[in-house]
Amino acid sequence: MAQLPTGPLRRPQQHEEIADYLRDEIFAGHIPAGESLPSEVELCEQFNTSRGPVRQAVATLRAEGLLSSGRGRRSLVLSNTRTETFEEILSTTSWLYRMGKNPGEVVNRRGIIQADETVAEKMRITPGTDVYVLDRVRSADDEPLVAEVMYFDASLTDVIETVDTSEDSIHRELIRAGADFNNLSRSFTVERADAQLATQLGIEENDPVVAVALKALTHNGDVLEYAVHIFRADKVSFGLNNVRGHSSPLWFQVESDIH
């Protein structure tokens, strides 16, 4: 079995700590929408730092759509809608806990399998290569919410096997063990539930569902995980904040086979 892919474990840089602090202040309502941030001078004094990390932190929150563009004046808070952290995107467990929900699971299968052509293509491996699969239905406060199938690089097996997946985050334990989750991509489609999925999620056959395909990669571009999460459409909503001058991480397109 291959060795666990690892990356450098480091303390957050100062601009990240400042951004985390300001983000928490906004989400907690301590700096409401329409009010301005503390001045650069005040933040520099508070964090005992220069203007560089402060400006980088503010730029991060602008890119997330939480702040106005500033340009010679204090940045205003535009929204206090909580954005997702990287771990919450990776981990349904972390996401549910953040929303105050109690996560649960019904496991359909887990363990080492051989990747079929679709999984192999997504993970950039040879068909027949060992991968670790976890196929389960997640619930929030005992109500079925999402069916998910996650395929992991087989080198992560030993860590995953130690995790109580009903309560703990697989990804948090993998990151603690040094797994180099560095970047990810997601695509969203609206589909209809077949009979099996409808039974799993407690909905009617042909009801709409939201399918989210996720790919998580290392610094070097190696795929550590490919997953498909299928949500009940009546239980989730999506939103995105944008500020002029910053590109959106969302892509939105018409498929070529739609007429």
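One-based numbering along the sequence shown.
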Checklist entry - Which residues pass the ring pair (Phe, Tyr, Trp, His ring centres under 6.0 Å) test with Tyr97, sequence neighbours left out? => result none
Item to check | Any donor-acceptor N/O pair, Thr126 side chain to Thr129 backbone, under 3.5 Å | outcome: no
Next on the checklist: Set out, in order, the CA-CA distance, both residues' side-chain angles and the distance that settles ring-ring contact (aromatic ring centres under 6.0 Å, His included) for His30 and Tyr21, then state yes or no.
Outcome noted: CA-CA 11 Å; His30 299 154; Tyr21 167 79; 9.1 Å; no
Checklist entry - What pair of heavy atoms forms the shortest contact from Ala198 to Ala193, and how long is it? => result N-CB, 4.1 Å
Checklist outcome for this item: For Asp130 and Ala154 the tightest heavy-atom approach is O-CB, 3.5 Å
Item to check | Ion pair check, Arg192 and Glu205, cut-off under 4.0 Å | outcome: no
Next on the checklist: Ring-plane angle category for Tyr226 and Tyr151, please: parallel below 30°, perpendicular beyond 60°, tilted otherwise.
Outcome noted: parallel
Item to check | Flag for Thr49-Gln14: side-chain donor and acceptor within less than 3.5 Å | outcome: yes
Checklist entry - If we ignore angles and hydrogens, is there a donor and acceptor under 3.5 Å between the side chains of Asp153 and Ser155? => result yes
Checklist entry - Can you tell me how far CG of Asn183 sits from CZ of Phe86, rounded to the nearest 0.5 angstrom? => result 6.5 Å
Checklist entry - Does the distance from a Lys or Arg side-chain N to an Asp or Glu carboxylate O, for Arg172 and Glu87, drop under 4.0 Å? => result yes
Next on the checklist: For a quick test of reading the model, state the closest non-hydrogen atom pair linking Ala147 to Leu201 and the distance between them.
Outcome noted: N-CD2, 3.7 Å
Checklist entry - Does CG belonging to Asp164 count more than 12 external heavy atoms closer than 6.0 Å? => result yes
Checklist entry - Given side chains that start at C-beta, do those of Met150 and Val133 come closer than 4.5 Å, heavy atoms only? => result no
Checklist outcome for this item: Note: with side-chain heavy atoms under 4.5 Å as the link, the other cluster members for Val41 come out as none
Next on the checklist: With a 3.5 Å distance limit and no angle check, can you tell me whether Ser68 reaches the backbone of Leu76 through a side-chain donor-acceptor pair?
Outcome noted: yes
Item to check | Check: Arg136 side chain, Thr165 main-chain N or O, donor-acceptor pair, under 3.5 Å | outcome: yes
Next on the checklist: Run Arg138 and Thr93 through side-chain hydrogen bond (donor to acceptor under 3.5 Å, both in side chains) and show every step you take.
Outcome noted: CA-CA 9 Å; Arg138 306 306 309 278; Thr93 302; 3.2 Å; yes
Checklist entry - Would you call Arg74-Glu40 a salt bridge at under 4.0 Å N-O? => result no
Checklist entry - Cut-off 3.5 Å, side chains only: do Thr162 and Glu173 have a donor facing an acceptor? => result no
Item to check | Enclosure of Lys101 NZ (heavy-atom neighbours >12, cutoff 6.0 Å) | outcome: no
